[in-house]
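A quick write-up on the structure given underneath.
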Amino acid sequence: MDDPAASEGESGIFVGVTAAHNATREALGLPDLTWSPEIAEFAQQWSDSLADDQCGSIAHRDQNRYGENIAMRGTTRTGDIFTPEDAVAGWVAEEACWDFGSISGSESCDTACVQGLNSNGCGHYTQVVWRNTLRVGCGYSTCQSQNFNFEVWVCNYDPPGNYIGQEPY
């Protein structure tokens, strides 16, 4: 039986990731995102690369094709899954640190606030709520390093957001 929480094309660990994005967007009156298998494949490649080559560390892919959010969690416990809702909630939590405005213009992002969230800015939130973004695809990978189990989420967005001088919505 199909999972009612799944957006068309989502399966496995990815069930719920589009809905988590859309819940935040809906609260702002923004159009829903749709799941893209092509973008998900692109995101999965980067997620696998981070897990294989940089386990325990994350970095953005050098590309301009898609917007990108990355989340990572490391734990010594096993069996505790970092869900898609958890990853999206981490990005959305940056909203508490952000004051609406144009990117790198009239907006502001409280540095102490985002550091308290173990983040490096408010751009993850603004990518989730970028009005012109229509599609999302995500990848998920795991790896082990120095007695830690790491989980890596990469979500890519099309069209990308966070354009300098533009407002997200």
Side-chain angles (χ1 to χ4, degrees), residues 1-51 58-75 79-98 100 103 107 109 114 117-143 149-163 166-169:
M1 178 181 260
D2 291 337
D3 187 328
S7 290
E8 185 175 337
E10 286 181 342
S11 63
I13 188 76
F14 303 106
V15 170
V17 72
T18 306
H21 280 84
N22 288 339
T24 298
R25 295 172 65 84
E26 183 179 328
L28 296 168
L30 300 171
D32 283 348
L33 300 179
T34 59
W35 178 259
S36 166
E38 297 81 16
I39 297 173
E41 183 178 326
F42 185 82
Q44 188 64 53
Q45 291 168 356
W46 189 240
S47 181
D48 288 344
S49 178
L50 290 172
I58 56 175
H60 285 287
R61 181 185 259 185
D62 186 16
Q63 57 88 28
N64 293 316
R65 187 172 173 187
Y66 300 118
E68 184 172 78
N69 281 345
I70 303 175
M72 180 182 68
R73 182 177 74 172
T75 183
D80 188 17
I81 302 295
F82 188 32
T83 68
E85 294 85 0
D86 294 334
V88 174
W91 299 325
V92 170
E94 293 173 356
E95 189 230 357
C97 309
W98 184 72
F100 183 87
I103 302 299
E107 69 159 348
C109 182
V114 293
L117 296 173
N118 197 28
S119 185
N120 62 356
C122 296
H124 304 100
Y125 168 70
T126 55
Q127 178 58 81
V128 169
V129 298
W130 198 264
R131 175 180 300 281
N132 295 336
T133 298
L134 303 172
R135 303 182 312 147
V136 63
C138 301
Y140 171 84
S141 300
T142 62
C143 60
N149 301 305
F150 290 97
E151 297 171 276
V152 179
W153 276 97
V154 174
C155 288
N156 287 120
Y157 303 86
D158 182 51
N162 290 334
Y163 287 104
Q166 294 183 17
E167 295 176 349
Y169 55 87

Cys pair Cys97/Cys122: SG distance under 2.5 Å? no

Is there a side-chain contact between Val136 and Val17, using heavy atoms and a 4.5 Å cut-off? no

A side-chain contact here means heavy atoms from C-beta on lying under 4.5 Å apart; do Asn120 and Val114 qualify? no

Return the minimal non-hydrogen interatomic distance between Gly123 and Glu94, and the atom names on each side. N-OE1, 3.7 Å

Side chains of Thr142 and Asn149 in contact at under 4.5 Å (non-hydrogen atoms): no

Anything under 30° is parallel, anything over 60° is perpendicular, the rest tilted; go ahead and classify Trp153 against Tyr140. tilted

Assess whether side chain to side chain contact (heavy atoms under 4.5 Å, CB included) is satisfied between Tyr66 and Arg61, documenting all intermediate values. CA-CA 10 Å; Tyr66 300 118; Arg61 181 185 259 185; over 6 Å; no

Could you verify whether a donor N or O on one side chain and an acceptor N or O on the other, from Ser36 and Glu41, lie under 3.5 Å apart? no

Check: His60 and Ile70 side chains under 4.5 Å, non-hydrogen atoms: yes

Does atom CD of Gln45 have more than 12 heavy-atom neighbours, drawn from other residues, nucleotides or ligands, at distances under 6.0 Å? yes

Would Asn156 and Gln63 count as a side chain to side chain contact (heavy atoms under 4.5 Å, CB included) here? Give the steps. CA-CA 11 Å; Asn156 287 120; Gln63 57 88 28; 4.1 Å; yes

Between Pro160 and Trp130, is there a side-chain heavy-atom distance shorter than 4.5 Å? no

Glu107 side chain near Pro168 side chain, heavy-atom distance below 4.5 Å: no

For the CZ atom of Phe82 and the CD1 atom of Ile13, what is their distance to the nearest 0.5 Å? 10.0 Å

Point-to-point distance, once rounded to the nearest 0.5 Å, from NE2 of His21 to CD of Glu85: 11.0 Å

In terms of relative ring orientation, are Tyr157 and Trp91 parallel, tilted or perpendicular, with 30° and 60° separating the classes? perpendicular

Interatomic distance, OG1@Thr133 vs CG@Asn162, rounded to 0.5 Å, equals 8.5 Å

Interatomic distance, CD@Gln127 vs CG@Asn69, rounded to 0.5 Å, equals 6.0 Å

Does CG belonging to Asn118 count more than 12 external heavy atoms closer than 6.0 Å? no

Could you go step by step and tell me if Ile103 and Gln166 meet the side chain to side chain contact (heavy atoms under 4.5 Å, CB included) rule? CA-CA 6 Å; Ile103 302 299; Gln166 294 183 17; 5.6 Å; no

Tell me whether Ser7 contacts the main-chain N or O of Glu10 through its side chain, where contact means a donor paired with an acceptor under 3.5 Å. no

Apply side chain to side chain contact (heavy atoms under 4.5 Å, CB included) to Ile81 and Glu151, showing your working. CA-CA 8 Å; Ile81 302 295; Glu151 297 171 276; 4.1 Å; yes

Ignoring hydrogens and geometry, is there a side-chain-to-backbone donor-acceptor pair from Arg25 to Pro31 under 3.5 Å? yes

How far apart are the closest heavy atoms of Ala87 and Ala71, and which atoms are they? CB-CB, 4.2 Å

To the nearest 0.5 Å, what is the distance between CG on Asp48 and OG on Ser141? 3.5 Å

Check whether Ser47 reaches the backbone of Val152 with its side chain - one donor and one acceptor, N or O, closer than 3.5 Å. yes

Could you give the distance from CG (Asp158) to CG (Leu134), rounded to the nearest 0.5 Å? 7.0 Å

